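Below: the structure, in structure tokens.
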Amino acid sequence: MRKKVIAGNWKMNFTPTKAEEFAQEMKNKINTDAVDVVICVPYVNLQSVQKVFEGTHIKVGAQNMHYMDDGAYTGEISGLMLGDMGVPYVIIGHSERRERFGETDTTINLKTLKALEHGITPIICVGESQKQRKSGRTENVLRKQIAFALDELSASDVTKVVIAYEPIWAIGTGEVATSKQANEACAFIRGQIHKRFGDSAAACVRILYGGSVTDETANELFSMSDIDGGLIGGASVVPSFEKVVHFG
Ligand code: 13P
């Protein structure tokens with residue numbers, strides 16, 4: 001039985017002051033052990049939000065990292081740094097980073113390997129665009145993204161990663177995938193992992209759905225056979241995030 005993961009992605013929202021206030025507000029409301037609750041915050045909010053959630057079940061993650069440990073990479077943050085701060089999760093390869101910040105399948109793979117090396121669980125994002133879905137290329141896109149992201153991982157490494165299926169057309173658009181569409185895509189991803197890494201990796205790996213999930217759609221999505229929780233954007237920076245977590 002896979003434990004569900006409900007991960008919030010705050011994206012570029014909340015000043016440090018506001019972040020602390022909102023975390024305080026969420027602290028008691030979402031302190032459950034029934035699912036793994038992760039809140040991925042901007043780097044500048046990591047320490048203060050960690051402090052607020054200290055002693056609770058809520059984990060604080062990052063939204064990106066560099067694949068080198070240190071060096072001349074102005075403006076970057078490494079997995080070594082995040083590991084030293086006790087950050088247990090990091091989002092890798094979000095479509096906003098792929099589309100706007102030149103993230104490639106190769107850098108996503110390097111970051112995944114590096115996160116695992118530092119004991120950080122990568123939440124690897126994959127997903128097709130509207131054009132790709134409309135032209136029937138969804139499975140090809142997912143096959144390629146998964147193959148690249150998991151290159152050089154062992155079957156046991158794969159049990160430690162979390163995959164987030166986030167169709168680009170559903171992100172921030174209010175157009176949520178149907179539970180059937182989302183489940184089919186997650187099952188397809190699990191099938192790819194089964195082919196390459198075998199029974200145990202496919203049975204253990206947690207695959208989330210992300211894209212316009214709200215407290216109104218979470219229940220049905222999270223009850224599907226191959227959906228092990230959600231990666232939540234807009235609905236994670238409002239008080240009703242509490243409800244989304246409790247549908248997990
Ligand atoms: P929304 O929930 O705002 O659509 O964002 C989803 C997402 O990108 C989470 O990473």
Side-chain angles (χ1 to χ4, degrees), residues 4-14 18-19 22 26 30 35-43 45-46 49 58-65 87-101 103 108 111-112 115 120-130 132-133 138 141-142 145-146 149 161-179 181-183 185-186 189 206-222 224 227-248:
K4 287 204 163 42
V5 182
I6 309 297
N9 175 7
W10 282 5
K11 306 192 178 183
M12 196 176 72
N13 289 294
F14 292 152
K18 194 74 194 130
F22 184 72
M26 289 290 105
I30 60 176
V35 296
D36 286 336
V37 181
V38 186
I39 315 267
C40 297
V41 306
Y43 294 129
N45 299 337
L46 278 171
V49 174
I58 306 161
K59 303 280 192 296
V60 184
Q63 300 174 9
N64 181 33
M65 56 170 260
V87 171
Y89 287 87
V90 62
I91 296 174
I92 302 283
H94 193 281
S95 60
E96 286 152 15
R97 297 212 60 83
R98 290 181 191 252
E99 289 194 318
R100 298 178 195 171
F101 299 97
E103 193 80 74
I108 289 163
K111 291 177 180 192
T112 298
I120 305 171
T121 300
I123 303 176
I124 306 165
C125 301
V126 296
E128 81 288 358
S129 66
Q130 181 126 52
Q132 289 164 334
R133 175 162 283 265
T138 299
V141 170
L142 295 178
Q145 288 177 336
I146 289 292
V161 311
V162 172
I163 312 264
Y165 168 62
E166 297 209 311
I168 296 168
W169 48 272
I171 295 179
T173 57
E175 189 189 347
V176 61
T178 64
S179 49
Q181 283 173 325
N183 197 52
C186 292
I189 292 168
R206 294 181 293 177
I207 306 177
L208 317 182
Y209 167 76
S212 296
V213 177
T214 63
D215 55 321
E216 277 163 24
T217 51
N219 194 17
E220 187 179 329
L221 285 161
F222 299 168
M224 301 303 286
I227 302 180
D228 306 314
L231 182 56
I232 324 293
S236 74
V237 291
V238 290
S240 59
F241 182 57
E242 171 210 353
K243 292 191 195 150
V244 177
V245 170
H246 289 117
F247 284 129

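First listed ligand is number 1; within each ligand, the first listed atom is number 1. In what follows, every heavy atom counts, from backbone to side chain, and hydrogens, waters and symmetry copies are set aside. This chain uses plain numbering: 1 for the first residue, then up along the sequence. Here the structure is a predicted model, which means the values were calculated and not measured.
Proximity of Asn9 to ligand 1, defined as any heavy-atom pair under 4.0 Å, is confined to the side chain (atoms from C-beta onward). Residue contacts with ligand 1, taken as heavy atom pairs separated by less than 4.0 Å, do not involve Ala164 at all.
Residue-ligand proximity, Ala170 to ligand 1, at heavy-atom distances under 4.0 Å covers atoms 4 (O). Less than 4.0 angstrom separates some heavy atom of Lys11 from each of these atoms of ligand 1: 5 (O), 6 (C), 7 (C), 8 (O). Near His94, meaning under 4.0 Å from one of its heavy atoms, ligand 1 places the atoms 7 (C), 8 (O), 9 (C), 10 (O). Residue contact check: Leu231 has heavy atoms under 4.0 Å from atoms 9 (C), 10 (O) of ligand 1. Remark: ligand 1 atoms within the under-4.0 Å shell around heavy atoms of Ser212 are 1 (P), 2 (O), 4 (O). Close contacts of ligand 1 with Glu166, meaning ligand atoms under 4.0 Å from a residue heavy atom, involve 6 (C), 7 (C), 8 (O), 9 (C), 10 (O).
Looking only at heavy atoms of the protein, atom 3 (O) of ligand 1 is closest to Gly234 N, 2.8 Å.
Ion pairing between a basic and an acidic side chain is recognised when a charged N comes within 4.0 Å of a carboxylate O; Asp215 and Lys243 show such pairing.
The closest side-chain heavy-atom distance from Ile124 to Ile91 is not below 4.5 Å.
Remark: distances from the non-hydrogen atoms of Ala7 to ligand 1 are all 4.0 Å or more. The closest approach between any non-hydrogen atom of Gly211 and ligand 1 is below 4.0 Å. Within the structure, ligand 1 lacks Ala235 among the residues with a heavy atom less than 4.0 angstrom away.
The aromatic rings of Trp10 and Phe22 stand perpendicular to each other, their planes meeting at an angle above 60°, with 30° marking the opposite boundary.
In plain terms, the two heavy atoms of Gly210 and Pro167 that are nearest each other are O-CD, 3.4 Å. The two residues Asp228 and Arg206 have their closest heavy-atom pair at OD2-CA, 3.4 Å.
Among pairs with a residue in residues 164-175, those fulfilling side-chain hydrogen bond (donor to acceptor under 3.5 Å, both in side chains) read His94-Glu166, Glu128-Tyr165, Glu128-Trp169, Arg133-Tyr165, at least two apart in sequence or across chains.
A donor atom on one side chain and an acceptor atom on the other are found under 3.5 Å apart for Lys111 and Asn64.
Annotation: Gln132, atom CD; neighbour count of heavy atoms from other residues, nucleotides and ligands within 6.0 Å is above 12.
Compare Gly172, Gly233, Gly174 by their heavy atoms: the one nearest to atom 4 (O) of ligand 1 is in Gly172.
Applying side-chain contact (heavy atoms from CB on, under 4.5 Å) to Val41 and the options Asn9, Asn13, Leu46 leaves one that passes, Leu46.
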